[in-house]
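Just below is one structure, and these are the notes that go with it.
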Amino acid sequence: MVFGEMDGCDACNAVMEAQVISRHHAHEPRENQCSSVIVRHIKAPANLVWSLVRRFDQPQKYKPFVSRCVVQGDLKIGSVREVNVKTGLPATTSTERLELFDDDEHVLGIKILDGDHRLRFLLDFLRLELVVVAEIVFGNYSSVATVHPEIIDGRPGTLVIESFVVDVPEGNTKDDTCYFIRGLINCNLKCLAEVSERMATSGRVEASNAV
């Protein structure tokens, strides 16, 4: 599915976007969970953007707060990675499992298994600054990212959709929990756009790593 010119058939694109969300991002949160969907348009070809997103073993390629990632065993569905977060964030480690991977449909899904996950900050994702405002300890976090070709200003572009479902910690609201996590994902997708667009300008594509 290729999305049309962004300034052309907005209604058509909205319908296709809704179909994609319904197919890949239809989480069913329980009463104590929240879920949300984040959309980003990137001025770079979908195959280039996917070459970054698909790297379960190297999320630091575009995620600015990841300092190190080690995958245990072969890279495949069910693989587990240990992620270290850069100094300055409350969370320091994360153990994550690859739940979904489709190289043809451009689908990647992960689930956090364990780690130190405390969102104690407000992300100003325009300047990548952190301001401590609250503490949210969260669990049962799963996310799905999909990458779709589209036309932007008459040129190949990409629509990236990322969704998540997570427990709402005791003492916090669904709105607060979603707000913090959406901020972090928006920051990651902003950096994904910047890296992808630089690579598109220079003609680079990230080397494939089989899953």
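Keep in mind it's a predicted model, so treat the numbers as computed, not measured.
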| query | Would you say Ser79's side chain and Lys76's backbone share a donor-acceptor pair under 3.5 angstrom? | reply | yes

| Looking only at side chains, do Thr158 and His148 share a donor and an acceptor under 3.5 Å apart? | no

| task | Decide yes or no for Val160 and His41: does some side-chain heavy atom of the first lie under 4.5 Å from some side-chain heavy atom of the second? | result | no

| request: Give a yes or no on whether the backbone of Arg182 and the side-chain of Asn186 come within a donor-acceptor separation of less than 3.5 Å. | output: yes

| request: May I ask you to test the Gln33-Asp167 pair for a side-chain heavy-atom distance under 4.5 Å? | output: yes

| said: Looking only at the aromatic ring of each residue, does the gap between the centers of Tyr62 and Trp50 stay below 6.0 angstrom? | reply: no

| query | Does Glu99 reach the side chain of Ser142, with side-chain heavy atoms less than 4.5 Å apart? | reply | no

| remark: Closest non-hydrogen contact found for Glu197 with Lys43 is OE2-N, 3.0 Å

| Under 4.5 Å between any side-chain heavy atoms of Leu189 and Glu162, yes or no? | yes

| Pairwise side-chain contact, Ser163 with His27, heavy-atom cut-off 4.5 Å (strictly under) | yes

| query | Less than 4.5 Å apart, any side-chain heavy atom of Val80 and any of Val71? | reply | no

| field | Main-chain N/O of Val168 paired with Thr177 side-chain donor or acceptor, under 3.5 Å | value | no

| request: Taking Ser35 for its side chain and Phe164 for its backbone only, find out whether a donor-acceptor pair lies under 3.5 Å. | output: yes

| For the residue pair Glu105 and Arg23, what are the closest heavy atoms and their distance? | OE1-NH1, 3.6 Å

| query | Below 4.0 angstrom, N of the basic side chain to O of the carboxylate: do Glu96 and Arg81 qualify? | reply | yes

| query | With a 4.5 Å limit on heavy-atom distance, are the side chains of Tyr141 and Ile181 in contact? | reply | yes

| Arg155 and Asp153 ion-paired at < 4.0 Å | no

